[in-house]
Amino acid sequence: MKLPREFYKEDGISLAKKLLGKVLVHHTAEGVTKGIIVETESYMGIVDAAAHSYKGKKDGRCNIQYKEGGYAYIYMIYGMYYCMNIVANEEEVPEVVLLRALEPLEGIPLMEQRRKTAKRKALLSGPGKLCQAMGIGKESYGLDLCGDQLYVEEPEEKTAFEIEASKRINIDYAGEAKDYLWRFTIKNNSYVSVKVKQEIS
DNA sequence: CGGAAGATTTCT
DNA sequence: GAAATCTTCCGA
C-alpha cells in the first residue's frame, strides 16, 4: 500500500528511521523495479553544513527541498551518477532523506541489465548504484511520491529489525557536521552499502 | 567565461 | 589508495 502524504511530514531524522524497511517502487517503460530501503541518511538543511540547502540556500538544484514532504529530490554528482532523496517536513523546510541502499525485491533482471552486473549485492548498495538500477534520472526530479510512477509503499511482509545509527559518509568537507549520527541502517542486513567502516566512536 | 570541487564508483 | 569524469557553482 502506498504511503500517504502525511507520512512524509515529519522532520528529516524521524522520517529517515521510518523509511527503513519500506519499499521503493519505480514504474518505467521497461518494467517495474522494487527494493526494500535498508540504508538512509538525513540532511537537515538550515543547520547542516553537509546539505545542499545549508543556511537556507536556494538555487536551481535544491529548490525542490523547500516543497512539502513527499517529493523526489534527484541530483547529479561527479557528473556521472544520480542520487535520490525524499523531501521531508513542511513547505520552506529544507530537510531531505538520502536513500543510500536498497535490497532487490522485484524487477531484478532489469536491474542487472541496467547495472551490467549479476552480483545481487552490488545492484543497489550505494546512492549512485540504486538510481542506475532503478532507472532514476533527471526526468524523475521533483516527482510527487503520492503519484503513480515513483513512490514508497508498505512491505507485504513485515519483518522485525533493529535500527543502527552511525556517521554519514563522504562528507568530510562538512566540518563538525560530518560527526553527526544521521545515517541509519537496518542492523545485520547484508545489502547496505559497502562503506560501513564508520562506527559510533 | 574559466576554474574548482563534489551526498560516488570502480579498479589496482 | 587513486583515478575517472562532467555538471554545477562561484568568482572575476
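Numbers restart at 1 for each chain; the letters A, B, ... are given by sequence-line order, proteins then strands. In this text the structure is predicted, and so the values were computed from the model without any measurement.
Note on Asp11(A) versus Lys17(A): no salt bridge recorded, every NZ/NE/NH1/NH2 to OD/OE distance being 4.0 Å or above.
The nucleotide whose nearest atom lies closest to any side-chain atom of Asn170(A) is, among dA7(B), dT8(B), dT10(B), dT8(B). Among the nucleotides dG6(B), dA7(B), dT10(B), the one closest to the side chain of Gln65(A) is dA7(B).
Side-chain N/O atoms of Gln132(A) and Arg115(A) include a donor and acceptor closer than 3.5 Å. With hydrogens and angles left out, the side-chain atoms of Ser125(A) and Lys129(A) include a donor and acceptor closer than 3.5 Å.
Between the CD1 atom of Ile77(A) and the P atom of dA7(B) there is a distance of 4 Å, given to the nearest Å. Atom C1' of nucleotide dT9(B) and atom CG of Leu130(A) are separated by 13 Å, given to the nearest angstrom. As rounded to whole Å, 16 Å separates atom P of dA7(B) from atom CD1 of Ile74(A). At whole-Å resolution of the value, NZ in Lys57(A) and P in dG6(B) are 11 Å apart. Met80(A) places its CE atom 15 Å from the P atom of dA7(B), with the value rounded to the nearest Å. The separation between Ile169(A) atom CD1 and dT8(B) atom C1' is 11 Å, rounded to whole Å. We find that OH of Tyr78(A) is positioned 8 Å from C1' of dA7(B), with the value rounded to whole Å.
Once you apply a 4.0 Å limit to the heavy atoms of chain A, the touched nucleotides of DNA chain C run 5' to 3' over dT5(C) to dC10(C).
Two residues are said to be in side-chain contact when any heavy atoms from C-beta on lie closer than 4.5 Å; Tyr75(A) and Tyr82(A) fail this criterion. A 4.5 Å side-chain heavy-atom check between Glu41(A) and Asn85(A) finds every atom pair outside the cut-off. Using a 4.5 Å heavy-atom cutoff, the side chains of Leu3(A) and Tyr151(A) are not in contact.
Considering Glu95(A), Glu68(A), Glu91(A) as possible partners of Lys9(A), the one that fulfils the salt bridge (Lys or Arg N to Asp or Glu O under 4.0 Å) test is Glu68(A).
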Is there a side chain to side chain contact (heavy atoms under 4.5 Å, CB included) between Tyr71(A) and Gln65(A)? Walk through the geometry before answering. CA-CA 8 Å; Tyr71(A) 285 84; Gln65(A) 296 191 7; over 6 Å; no
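At the heavy-atom level, Leu98(A) lies under 4.0 Å from base atoms of the strands shown. Counting non-hydrogen atoms under 4.0 angstrom, Lys116(A) reaches nothing in the nucleic acid. Here Met76(A) lies in heavy-atom contact (under 4.0 Å) with sugar-phosphate atoms only.
Considering every non-hydrogen atom in both Thr33(A) and Leu110(A), the closest pair reads CG2-CD2, 4.0 Å.
Under 4.0 angstrom from either OP1 or OP2 of dT10(B) there lies at least one side-chain N or O belonging to Arg115(A).
For DNA chain B, if you chain together Watson-Crick or G-U pairs that step i with j, i+1 with j-1 and so on, the runs of at least three with distances under 3.5 Å are B:1-6 with C:6-11, B:8-11 with C:1-4.
Lacking a ring centre under 5.5 Å from that of the base six-membered ring together with a plane angle below 30°, Tyr75(A) does not count as stacked on dA7(B).
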